[in-house]
Engineer: 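Input: one structure, supplied below.
Because only heavy atoms are used, hydrogens play no part in the values below, and waters and symmetry mates are left out as well, while side chains stay in. Protein chains get the first letters and strands the later ones, always in sequence-line order, with residue 1 at the start of each.
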Number of protein chains: 2
Amino acid sequence: MRLTTKGRFAVTAMLDLALRETGGPVTLAGISERQGISLSYLEQLFGKLRRAQLVESVRGPGGGYTLARTVAEISVADIIVAVDEPVDATQCGGRENCHDNHRCMTHDLWTSLNATIFDYLSKISLASLVDNQKAKDTSVVQDQRTLRRTAACSDAIAGSNAA
Amino acid sequence: MRLTTKGRFAVTAMLDLALRETGGPVTLAGISERQGISLSYLEQLFGKLRRAQLVESVRGPGGGYTLARTVAEISVADIIVAVDEPVDATQCGGRENCHDNHRCMTHDLWTSLNATIFDYLSKISLASLVDNQKAKDTSVVQDQRTLRRTAACSDAIAGSNAA
DNA sequence: GCAATAGTTGACTAAATTACTCGGAATTAG
DNA sequence: CTAATTCCGAGTAATTTAGTCAACTATTGC
């Protein structure tokens with residue numbers, strides 16, 4: 001479990017996707033434009049997200065990405081694990097070949113700490129982020145663009161909650 | 001708040017220090033040998049830990065480092081923040097210069113998530129890690145045969161960093 | 001005072017990772 | 001067919017990680 005900007009990008013992109021997927025597949029070009037993340041980088045990230053079965057893709061015109069599960073079934077931990085390679089830096093890589101009586105020190109310390117952080121992030125679903133985001137949006141109504149987006153978000157939430 | 005191997009090294013080193021400081025200042029050379037972390041790298045890390053006032057140094061023969069506070073007053077979060085540069089990757093760096101109506105999305109998401117993780121790690125003190133470690137040590141008493149493996153293990157660690 | 005010990009600092013470097021670009025191939029709607 | 005879009009691999013600049021090296025300062029023991 002690492003926490004880097006890579007994981008943040010992925011979560012941001014997934015949140016954007018979650019907020020819009022009722023209108024059919026969402027293109028990476030759109031996410032790129034809205035979130036200020038380069039298209040090519042998104043392609044890499046979504047390649048991993050797809051292989052982790054968090055999203056599904058539709059090729060061709062009108063294609064794009066959709067969530068492979070409901071927003072309630074996708075956690076922040078899922079996303080971060082999908083894009084941040086395992087790496088599992090317990091130094092001995094799970095094997096017990098560290099120092100003699102010190103071998104468990106780094107090992108147990110980080111495996112348990114990792115487990116707890118992972119556990120914590122597993123309980124934060126995309127659904128809760130969407131809700132939070134929706135609350136922010138409606139409380140800061142600015143112009144037409146925001147209004148349109150808010151409406152779309154409401155649909156997105158209603159639609160995916162029903163499923 | 002990032003979680004990288006750098007922070008892990010620092011926490012490991014601090015734990016080693018906490019476990020031994022009753023016998024006076026602990027040298028970096030000792031920590032280096034026991035934990036398999038290069039001396040020069042430890043120098044860098046402890047420079048930061050000292051500037052963050054988590055440790056105090058004693059120069060000259062018999063010198064080394066001691067904790068600047070009690071083990072109960074030092075948290076894992078303190079250590080990680082001390083060595084992992086701020087970076088604060090909210091993309092807009094705290095300023096509100098992100099995209100128009102999307103600016104708060106990444107921003108709020110990560111500041112709140114960061115805060116929660118930070119909060120969590122703030123509650124894990126060195127004292128609890130020390131207690132945990134002591135329990136492990138006494139329950140898994142090693143014998144002389146194990147001690148000889150130490151040298152070989154250092155090599156194993158150096159090699160497995162690539163993985 | 002001298003020598004040994006140990007921290008302090010800064011400059012430097014190799015390797016890895018991050019964040020990204022480019023070019024093209026596969027797929028599919030219209 | 002053509003355009004839109006994902007898919008894929010190679011390449012790359014910037015950054016970070018992890019570590020080296022050398023010179024320096026402070027302290028202690030003799």
Engineer: Is the distance from OP1 or OP2 of C:dT9 to the nearest side-chain N or O of B:R51 less than 4.0 Å?
Structural biologist: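 Yes, because at least one side-chain N or O of B:R51 sits under 4.0 Å from OP1 or OP2 of C:dT9.
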Engineer: Rounded to the Å, how far apart are B:Y41 OH and D:dT20 P?
Structural biologist: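 Those two atoms, OH and P, are 12 Å apart.
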Engineer: Closest approach of B:T12 and B:Q35, non-hydrogen atoms and distance?
Structural biologist: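 Nearest heavy atoms, B:T12 then B:Q35: CG2-OE1, 3.5 Å.
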Engineer: Indicate, yes or no, whether a donor-acceptor pair under 3.5 Å links the base of C:dT8 to the side chain of B:R59.
Structural biologist: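 A donor-acceptor contact between them is absent.
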Engineer: What about A:E43, does its side chain sit under 3.5 Å from the base of D:dC8 through a donor-acceptor pair?
Structural biologist: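 Check passes, donor-acceptor contact within cut-off.
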Engineer: Can you tell me how far P of D:dT16 sits from NZ of A:K6, to the nearest Å?
Structural biologist: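 It works out to 15 Å between those atoms.
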Engineer: Rounded to the nearest angstrom, tell me the gap between atom CG in A:L39 and atom P in C:dG24.
Structural biologist: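 It works out to 17 Å between those atoms.
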Engineer: Is A:E43 atom CD crowded by more than 12 heavy atoms from other residues, nucleotides or ligands, each under 6.0 Å away?
Structural biologist: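 Yes, enclosed.
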Engineer: Over how many whole Å does the gap from B:L28 atom CG to C:dG7 atom C1' extend?
Structural biologist: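 So the CG-C1' distance, B:L28 to C:dG7, works out to 8 Å.
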Engineer: Report the distance from atom CG of A:L45 to atom C1' of D:dT6, rounded to the nearest whole Å.
Structural biologist: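 About 15 Å, once rounded to whole Å.
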Engineer: Does the plane of the ring in B:Y120 sit parallel, tilted or perpendicular to the ring in A:Y120? Use 30° and 60° as the thresholds.
Structural biologist: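 Parallel.
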Engineer: Just the rounded figure in Å: distance from C1' of C:dG7 to CZ of B:F46.
Structural biologist: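 So the CZ-C1' distance, B:F46 to C:dG7, works out to 12 Å.
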Engineer: How about B:D131 and B:S128: does a side-chain donor come under 3.5 Å of a side-chain acceptor?
Structural biologist: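 Note: B:D131 and B:S128 side chains miss the donor-acceptor criterion.
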Engineer: Does B:S38 put a side-chain nitrogen or oxygen below 4.0 Å from OP1 or OP2 of D:dT20?
Structural biologist: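 So the side-chain polar atoms of B:S38 do come within 4.0 Å of the phosphate oxygens OP1 or OP2 of D:dT20, strictly under.
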Engineer: Contact class for A:G47 (heavy atom, under 4.0 Å): base, sugar-phosphate, or nothing?
Structural biologist: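 Answer is nothing: A:G47 stays at 4.0 Å or more from every strand.
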Engineer: What is the separation between atom NZ on B:K48 and atom P on C:dT8, rounded to the nearest whole Å?
Structural biologist: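 Distance, rounded to whole Å: 15 Å.
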Engineer: If the cut-off is 4.0 Å, is A:S57 near the phosphate of D:dC7, judged by side-chain N/O to OP1 or OP2?
Structural biologist: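 Yes, because at least one side-chain N or O of A:S57 sits under 4.0 Å from OP1 or OP2 of D:dC7.
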Engineer: Of the nucleotides D:dC8, D:dG19, C:dA6, which one has an atom closest to the side chain of B:F9?
Structural biologist: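 The listed nucleotide nearest to B:F9's side chain is D:dG19.
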Engineer: Would you kindly compare A:Q44 and A:G64 by the position of their nearest DNA chain D nucleotide and give the one closer to the 5′ end?
Structural biologist: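 On the 5' side of the pair lies A:G64.
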Engineer: Assigning hydrophobic clusters by single linkage (Ile, Leu, Val, Met, Phe, Trp, Tyr; side-chain heavy-atom cutoff under 4.5 Å), is A:L17 placed with A:V58?
Structural biologist: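 Different clusters.
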Engineer: Let me spell it out: for each of A:G62 and A:T4, pick the nucleotide of DNA chain C with the closest heavy atom. Which residue's pick is nearer the 5' end?
Structural biologist: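 Nearer the 5' end of the strand: A:T4.
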Engineer: Which whole-number value in Å describes the distance from B:Y65 OH to C:dT5 C1'?
Structural biologist: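 Taking atom C1' of C:dT5 as the reference, OH of B:Y65 is at 14 Å.
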